[in-house]
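Structure first, then comments.
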Amino acid sequence: MQPTPNPFLKLREEAAKLLNAAVDNLGFDITVSPDDLKPTRNLKFGWLCYEHALRLARTLAPPQTPQEFAEKLVSHMPESNVFLKIEAVRGYVNFYPNLNVVNHLVISSVETLGDVYGFEDLSDGRVICVEHCSANPCGPIHVGTLRNAVLGDTLARMLRHAGYRVLTRFYVEDTGRQTAIAAYGWQFVADLIKRDPRPDEKIGIVYTVVNTVIELEELRRKAATTSDPDQLSLINHEIHRRVGIIHNQMERDEALVKAVLENLSGRPVVDEIAQLNLRYEQGDENAVRLIRSMVDLVVQEFQKTLEALNISYDRWDYQSEIVWSGLVNQILSRLKQTPFVREEGGALIFDAERAAVTLGLKERLRFHFDEEIPDLTLTRSDGTALYVTKDAAYTLYKRRDSDLLINVIAQEQSLAQRQLKLLLAAIGERDAVNYLVHFSYGPVVGLSRRRGRYMTAREALEALQERCIVLLRERGELSESEINKVSRLVAVGALRYSMVSIEPDRPVQFDPKRMTDLEANSAPFVQYAYVRARGILRRAAEAGVSPNGDPSLLKESVEERLLFMIARFPESFRYAVRTLRPHVICEHLYQLARTFHRYYEAVPVIKADPDTARARARLVRCVAQVLKNGLDLLGIPVLERM
RNA sequence: GGGCCCGUAGCCCAGCCUGGACAGGGCGUCGGCCUCCUAAGCCGAAGGCCCCGGGUUCGAAUCCCGGCGGGCCCGCCA
């Protein structure tokens, strides 16, 4: 058989062909498609099985038992050189590959395709925008946000490998309340922070302090007007918590926190922050200078942090630019012409329920017919736009150069994302319900700032690298400079893998120990399998063993397992892309690596007889190739030694 | 109150789309394997009412309905 991008599909097709011939011979009106074949769970049942015989047997005239039917199928099949044995067992039809043919097919396919083996072109010419991370520029990137960034980056890589043109964007949300809060505090302490090696972390402290002070003021005002003792004790509890937060920040940088607090006292903080935001959106020179001086600093740190993790962006879009360009006002004036917008105390409110009903989009957006969709506030009473409104403008902006827009945004924003589609539909962008995709993912839970269980991306990476360094020194095979480099690459891989190896919908428990796991189901496990494979190939070359043997000499069951995993890699890729679930790739790589580690321990390559050695070296080279392709796909570094 | 997501071994996670052969791994525990291609590895043992109850089906971890438990959303925050 000729090399092919998808060897397993070839086997499916062949098995389907044989089954169709059998049902024809038997005179049944049944068509078997390649998808009706399933990979077996255990190779003792062969590589493929047909299980529909179980279901179909009873529907036939005359009815027969599944086993009878399966046996008839087998006995009425033409000969095939692809399958050595085809067996009817308990109603299944099992296909055992002819390893003389299939081994060669799989290996030559990998060798022919090389770096692109596994990556089927699934594109339709569309340009896909993947917006991800988009952290507020008022603090460092922490591990929660990192889940977003790594998922987004991996998605983008997957789509690129699937032949799409992909545009990745980071949306810098530099307008709005949160950034204004941080910038408000920043103005008093900018000089303290500017030369700090980690300004983003300091700005994070400033944000937390200012925000907490505001909350405290509010709580105290509430306490003063309440006489209900239950209510009062609840409020007091909340006040206590806030005080604790301030103390917490104090421990991190006392001078900074004190400086902020001193400057805040006696000022109408809330009003001044609102004014700052308003002036920024209006393009006031001083406000722009102030906010941008902080935002630029944080964005630089974002770039450094993300770059260290192999994450890069095609565009960095500033929310402020969208506002200043007039796009947001255009959206607002178009919305005002619809019957869905009303004014309340100067603020504009969007009647999402009415819009959805009128436009007939309730069902399409997965709202129940009797579910009341909440109103959405479009603007504050001072006229400044809220997040979803600005996002509508940004959507149209992104749409200018992309056909499909994927927003990687936490699950908790699901309602807002649906309201966003309604907003767009209301102004005539009805197609937004199709071209806008909310890629939702579950929370990282247990990140309590209260108890200081709060870890930045940088801290996670550093902790991981420390552990790698310890391990590498124990091993004593690499020089200090190599250790430095290798530990960084392993840490990057481990962190990325921990973020992307679990199903996106699932909430992940924040656990520094597990996140910094270097064993078992982790990136280093896969990276190490690659290193071992490359080690064998290096030694083989030294020993004059060329990776060019006859694949049919690969008869060990663990070799068959390796070939099976290699053959199925393109299908895993396809499934991962189709469902936008990167963890499918992790799972496949993990299984392949696991099988290879077993192989490594159990079967000698170089020391086998010369013909077998050359065949095994060839297999090892293919394993290395697939591991590399998979790791590249995930943005996880590939190393020669570790 | 309404809606969304999650529930699989002590802990963590695959499998659910497309129902099928004894439900797979990892961590941890216990016991083994480095004079041999890097032990971040391998082998073995113990550990499961697949949250509960119904339904559909020849067959349900998987599909449907109803509960329960946990998280989140319903802000002039994002």
Side-chain angles (χ1 to χ4, degrees), chain A residues 35-36 38 40-42 44-45 49 51-52 54-55 57-58 65-66 89-92 94 134 136 173 176-179 181 211 274 344-349 366-368 370-382 384 386-388 390-391 409-416 440-443 445 467-468 471-472 474-475 477 490 494 501-503 505-509 511 513-514 517-522 524-525 527-529 531-533 535-540 542-543 575 578-579 581 583-584 586-587 590-591 594 597-598 600-607 617 620 641-642:
Chain A
D35 287 340
D36 293 332
K38 280 187 112 175
T40 57
R41 262 189 318 125
N42 190 325
K44 76 183 178 198
F45 299 124
C49 68
E51 54 190 20
H52 289 344
L54 287 164
R55 185 154 36 96
R58 287 160 217 281
T65 69
V89 183
R90 302 174 59 181
Y92 293 84
N94 294 330
S134 303
N136 280 326
E173 297 179 16
R177 194 180 139 87
Q178 292 189 10
T179 305
I181 287 173
N211 190 48
E344 270 177 29
L348 292 179
I349 315 286
R366 302 209 335 255
F367 290 108
H368 290 232
D370 58 349
E371 176 186 357
E372 173 90 12
I373 308 173
D375 283 346
L376 176 71
T377 307
L378 299 169
T379 65
R380 302 184 179 89
S381 39
D382 68 3
T384 56
L386 267 356
Y387 167 72
V388 179
K390 287 184 282 195
D391 219 27
I409 296 181
Q411 208 169 64
E412 65 191 33
Q413 289 201 48
S414 156
L415 173 63
S440 144
Y441 63 93
V445 297
R467 297 180 51 158
C468 293
L471 245 107
L472 285 163
E474 271 172 20
R475 181 164 278 189
E477 285 200 19
V490 172
S501 59
I502 43 185
E503 203 196 354
D505 277 332
R506 185 185 274 276
V508 315
Q509 185 65 42
D511 180 349
K513 252 207 312 268
R514 200 172 318 117
D517 195 1
L518 299 172
E519 292 170 354
N521 193 351
S522 69
F525 182 89
Q527 288 171 316
Y528 186 45
V531 164
R532 282 182 141 182
I536 291 175
L537 293 169
R538 258 198 320 272
R539 300 279 181 164
E542 287 164 13
Y575 182 52
R578 217 189 63 207
T579 60
R581 294 191 309 164
H583 77 284
V584 170
C586 293
E587 191 62 22
Y590 175 62
Q591 295 301 338
R594 207 157 68 93
H597 280 306
R598 207 174 292 164
Y600 184 95
E601 304 276 350
V603 180
V605 174
I606 298 162
K607 288 186 175 141
V620 169
R641 291 168 213 272
M642 64 188 271

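Excluded from the calculations below are hydrogen atoms, water molecules and symmetry mates; all remaining heavy atoms, backbone and side chain alike, are included. Within every chain, numbering begins at 1; the chains are lettered A, B, ... in the order of the sequence lines, protein sequences first and strands thereafter. Note that the structure is a prediction, hence the values are computed from the model and not measured.
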For nucleotides 24-33 of chain B, print each protein N/O atom paired with a nucleotide N/O atom at under 3.5 Å, atom names and distance only.
unit_1 : atom_1 : unit_2 : atom_2 : d
B:G25  : O2'    : A:Y590 : OH     : 2.8

Q.
Going by the rule ring-ring contact (aromatic ring centres under 6.0 Å, His included), which residues pair with A:H597 if we only count those two or more places apart in sequence or in a different chain?
A. A:F525, A:Y528

Q) Counting side-chain heavy atoms from CB outward, which of B:G41, B:G15, B:C37 is closest to A:Y600? A) B:C37

Using nucleotides 2-8 of chain B, report all nitrogen or oxygen pairs with the protein that are shorter than 3.5 Å.
unit_1 : atom_1 : unit_2 : atom_2 : d
B:C4   : OP1    : A:H368 : NE2    : 3.1
B:C5   : O2'    : A:Q411 : NE2    : 3.2
B:C5   : O2'    : A:D505 : O      : 3.2
B:G7   : OP1    : A:R506 : NH2    : 3.1
B:U8   : O4     : A:R506 : NH2    : 3.4

Table of protein N/O atoms under 3.5 Å from nucleotides 56-67 of chain B N/O atoms:
none

Q. Can you list the residues that meet the side chain to side chain donor-acceptor pair (under 3.5 Å) rule with A:E601, with sequence neighbours excluded?
A. A:R532

Q: Using side chain to side chain donor-acceptor pair (under 3.5 Å) as the criterion, list what pairs up with A:Y441, not counting sequence neighbours.
A: A:N148

Q: Could you tell me whether A:V388 contacts a base, only the sugar-phosphate backbone, or nothing, with contacts defined as non-hydrogen atoms closer than 4.0 Å?
A: nothing

Q: Could you list the residues that satisfy side-chain contact (heavy atoms from CB on, under 4.5 Å) with A:I502, not counting sequence neighbours?
A: A:R147, A:V508

Q. Considering residues at least two apart in sequence or located in another chain, which fulfil the side-chain contact (heavy atoms from CB on, under 4.5 Å) criterion with A:E371?
A. A:F367, A:H368

Q | Residue list, side chain to side chain donor-acceptor pair (under 3.5 Å) with A:S134, at least two apart or on another chain | A | A:E131

Q) Can you list the residues that meet the salt bridge (charged side-chain N to carboxylate O under 4.0 Å, His left out) rule with A:D382, with sequence neighbours excluded? A) none

Q | Close side-chain approach of A:R380 to A:R177, heavy-atom, < 4.5 Å | A | yes

(Q) Applying side chain to side chain donor-acceptor pair (under 3.5 Å), can you list everything that pairs with A:N136, at least two apart in sequence or on another chain? (A) A:Q178

Q. Taking only residues two or more places apart in sequence, or in another chain, which ones meet A:A543 in a side-chain contact (heavy atoms from CB on, under 4.5 Å)?
A. A:V545, A:I606

Q: Answer with base, sugar-phosphate or nothing: what part of the nucleic acid does A:N42 contact at a heavy-atom distance below 4.0 Å?
A: base

